Q: 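Here it is: the structure, laid out below.
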Amino acid sequence: ISRQLWWGHQIPAYRASVPGRDAEPVWAVGRTADEARAKAAALLGVDEEQVALEQDEDVLDTWFASALFPFASLGWPNATPDLARHFPGTLLETGHDILFFWVARMVMVSLELTGELPFRQVYLHAMVRDTQGKKMSKSLGNVIDPEDVIRGVTADDLVARITGSTTLPPAEIKRAAALQRKQFPAGIPPCGADALRFSLLSYTALARDIKFDVERVAGHRAFLNKVWNATRFVLMITENGAVAPATTSDPTALPRPTGLPAAWIASRLAHTVEEADRALTTFNFAQYTSVLREFWVTDFCDNFIELAKAGVRDPTKAAETQAWLLACVHAGTELLAPATPFIADAILGALPQPESGPEGDRAPGFPSPSTWNTLRSVDIEDTMANVLLVAQGIRALPVRQIDPRVKLHAFARGNSADSSRLLTVGEDTIRQLSRASSFTILADGEAPPDGCWVVPTQATCDCAVFARTETPLDPARISAELTRLARSKENLHASREKVKARMAGTGYAKAPQAVKDRDEQTLMQLTRQAEDITEIEAMYTSWLGA
């Protein structure tokens with residue numbers, strides 16, 4: 001009930017006595033000192049004026065004070081405007097470890113004192129642990145300060161904090177310093193607050209524990225850097241937005257897309273808006289980060305920006321391409337804003353602003369699915385997906401590993417009326433994204449030119465794809481590449497055998513499940529890499545035969 005702390009609600013219990021009277025003091029409890037004095041006077045059988053009070057110096061338990069938080073912080077018991085506006089709340093976010101200590105107490109106390117539930121929903125976040133799943137502890141040397149992830153820190157400074165500790169025994173300091181040095185030999189790179197926040201959201205797909213890895217945060221820093229560079233590129237090729245007086249994420253104010261690339265990216269953006277909105281509404285934060293990465297990296301940067309480089313040079317497509325480049329940056333940034341407010345503010349501030357409205361007022365909205373869904377087209381997305389399969393199949397040919405200067409010519413033939421139409425619609429897109437020197441659509445039944453290889457593609461595109469080089473590949477270069485691949489495969493085989501030997505060793509059955517899972521995953525990856533090399537070797541060997 002009571003704690004010996006400096007801060008808190010002082011216990012409303014009073015030690016009451018009558019000065020000059022040899023009698024045992026009594027305890028009285030009251031909302032005020034006057035109320036307690038009246039009770040004490042009755043207990044002692046004297047007038048109130050004769051009672052001396054001394055309030056208990058202890059404070060009520062911290063969790064009691066916390067239980068009052070939802071309403072006491074808003075002015076309760078007085079009927080304040082803040083209390084009327086903000087109580088009861090809607091959502092509480094907290095950890096599962098204090099579900100009873102805090103959440104249950106808030107519910108019970110709020111019902112008792114106000115007759116209202118303090119909130120309707122509770123979101124329980126996972127607990128952050130180190131990369132091995134261990135609880136962070138100073139003695140283990142695995143504590144990560146968020147400030148260090150945001151601003152970066154050297155390995156020496158990390159160790160110096162431990163060795164300078166005045167609370168740990170010397171033996172623990174030595175062990176913790178060694179572990180810290182081993183875990184972060186190069187220190188922690190500066191990743192920024194946005195990357196840290198985005199990473200923590202991406203972890204929420206896991207169970208009750210997060211195995212926190214700084215490398216994952218660094219990866220999301222690279223992702224946000226890609227977003228930033230993509231924005232700079234878009235502003236450059238749109239003359240800092242001069243093609244549009246103001247950017248917007250309202251699709252009704254944008255030109256209706258006509259070409260395949262613009263119609264596709266508009267549909268993909270509409271899909272991303274819908275999925276991101278659903279993910280946030282259902283607290284599926286990992287899915288939220290996933291759909292945004294897919295849109296920005298795969299849809300926008302890898303594909304649409306590459307196609308836009310040609311689109312902005314075509315007078316018939318330039319206006320449409322530029323408008324949708326800016327729309328994607330604007331709406332895509334607004335979608336990112338809840339997780340990455342700093343970079344979102346910087347990007348939205350760099351985009352052309354409307355002439356009206358307060359200067360500097362660029363608080364991001366969140367694109368509404370109801371306004372974007374008119375641009376969603378599953379048919380266009382399916383068409384583009386198959387077009388990309390053809391382009392990616394051609395681009396994946398490893399001929400440039402043999403000779404980076406080689407010129408590649410590609411050919412494709414539809415196996416049905418639908419796939420032939422697909423090739424016609426996506427001809428320019430395939431030519432650009434495949435990075436082939438030329439791309440030719442073959443007529444129904446037409447054979448490819450002599451010297452062509454079959455390009456592996458997925459069955460869904462229903463196309464036969466072929467390619468050949470302008471000049472024959474140098475056999476010596478092919479042989480050298482085959483030798484290099486053979487060495488790589490030998491190394492993979494040796495690594496596989498090493499893992500298999502460890503898994504077959506005595507006592508492996510007692511190894512932690514996390515270790516077993518990691519070894520199984522490693523074995524699968526090594527096997528898959530060896531199979532990929534075998535496929536490439538077969539292709540190279542066929543080229544030698546040709």
Side-chain angles (χ1 to χ4, degrees), residues 126-137 140-142 144 155 175 178-186 188-189 199 202-220 222 286 290 293 297-298 392-393 395-402 454-459 477-545:
M127 303 304 294
V128 180
R129 300 183 182 273
D130 71 4
T131 53
Q132 305 302 317
K134 296 179 181 177
K135 185 177 180 180
M136 291 190 183
S137 165
L140 291 177
N142 62 351
I144 300 175
R175 181 175 69 252
L179 289 170
Q180 190 80 289
R181 182 78 70 177
K182 180 180 180 181
Q183 188 176 6
F184 303 110
I188 298 175
S199 298
S202 73
Y203 271 117
T204 53
L206 304 177
R208 290 169 55 148
D209 292 324
I210 289 174
K211 295 181 180 179
F212 186 78
D213 188 352
V214 171
E215 289 300 317
R216 186 165 183 167
V217 187
H220 285 133
S290 178
R293 280 179 60 90
V297 176
T298 305
Q392 290 161 359
R395 192 171 62 201
L397 285 171
V399 291
R400 290 186 176 88
Q401 294 179 17
I402 304 293
V454 174
V455 176
T457 57
Q458 293 187 26
R477 286 177 178 266
I478 298 176
S479 297
E481 187 64 17
L482 281 169
T483 301
R484 186 189 69 80
L485 290 173
R487 284 198 301 267
S488 297
K489 197 154 71 169
E490 287 175 4
N491 293 335
L492 289 172
H493 178 73
S495 298
R496 284 176 59 203
E497 292 304 310
K498 185 177 179 180
V499 174
K500 289 166 71 175
R502 182 168 65 247
M503 295 172 71
T506 305
Y508 186 78
K510 298 180 180 179
Q513 188 59 44
V515 173
K516 294 179 180 179
D517 292 343
R518 186 183 64 227
D519 287 344
E520 287 285 354
Q521 186 176 12
T522 301
L523 200 61
M524 289 174 59
Q525 289 175 344
L526 293 171
T527 302
R528 188 162 52 246
Q529 289 171 12
E531 291 171 349
D532 291 344
I533 289 179
T534 299
E535 290 182 8
I536 296 174
E537 284 178 325
M539 184 180 295
Y540 285 172
T541 303
S542 69
W543 293 351
L544 274 177

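Computed from a prediction, not measured in an experiment: that's the story for all the values here.
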Q: Working to the nearest 0.5 angstrom, can you tell me the gap between Glu520 CD and Arg518 CZ?
A: 12.0 Å
Q: Hey, what do you get for OG1 (Thr522) to CE (Met503), rounding to the nearest 0.5 Å?
A: 9.0 Å
Q: Locate the shortest heavy-atom distance separating Thr527 from Leu523; write the atom from each residue and the value.
A: OG1-O, 2.8 Å
Q: What heavy-atom pair brings Lys516 and Ala509 nearest, and what distance separates the two atoms?
A: NZ-O, 2.8 Å
Q: Counting heavy atoms not belonging to Gln521, are there more than 12 under 6.0 Å from its CD?
A: no
Q: Tell me the salt bridge (Lys or Arg N to Asp or Glu O under 4.0 Å) pairs involving residues 487-508, sequence neighbours left out?
A: Lys489-Glu537, Glu497-Lys500, Arg502-Asp519
Q: Are any side-chain N or O atoms of Tyr540 and backbone N or O atoms of Ile402, one a donor and one an acceptor, separated by less than 3.5 Å?
A: no
Q: Mind checking whether Pro189 and Val214 have side chains closer than 4.5 Å, heavy atoms only?
A: yes
Q: So how far is it from Leu492 CG to Leu485 CG, rounded to the nearest 0.5 Å?
A: 10.5 Å
Q: Roughly how far, to the nearest 0.5 Å, is CD of Glu215 from CD1 of Ile188?
A: 10.0 Å
Q: Can you give me the closest heavy-atom contact between Ser199 and His220, atom names plus distance?
A: OG-ND1, 2.7 Å
Q: Quick one: do Glu481 and Arg484 make a salt bridge, cutoff under 4.0 Å?
A: yes
Q: Compare all side-chain heavy atoms of Ser202 with those of Arg216 and state whether any distance is below 4.5 angstrom.
A: yes
Q: Can you tell me how far the CG atom of Leu397 sits from the CD atom of Gln392, to the nearest 0.5 Å?
A: 12.5 Å
Q: So, do Val128 and Tyr203 sit near enough that their side-chain heavy atoms are less than 4.5 Å apart?
A: no
Q: Which atom names give the shortest non-hydrogen contact between Arg181 and Ala155, and what distance separates them?
A: NH1-CB, 3.7 Å
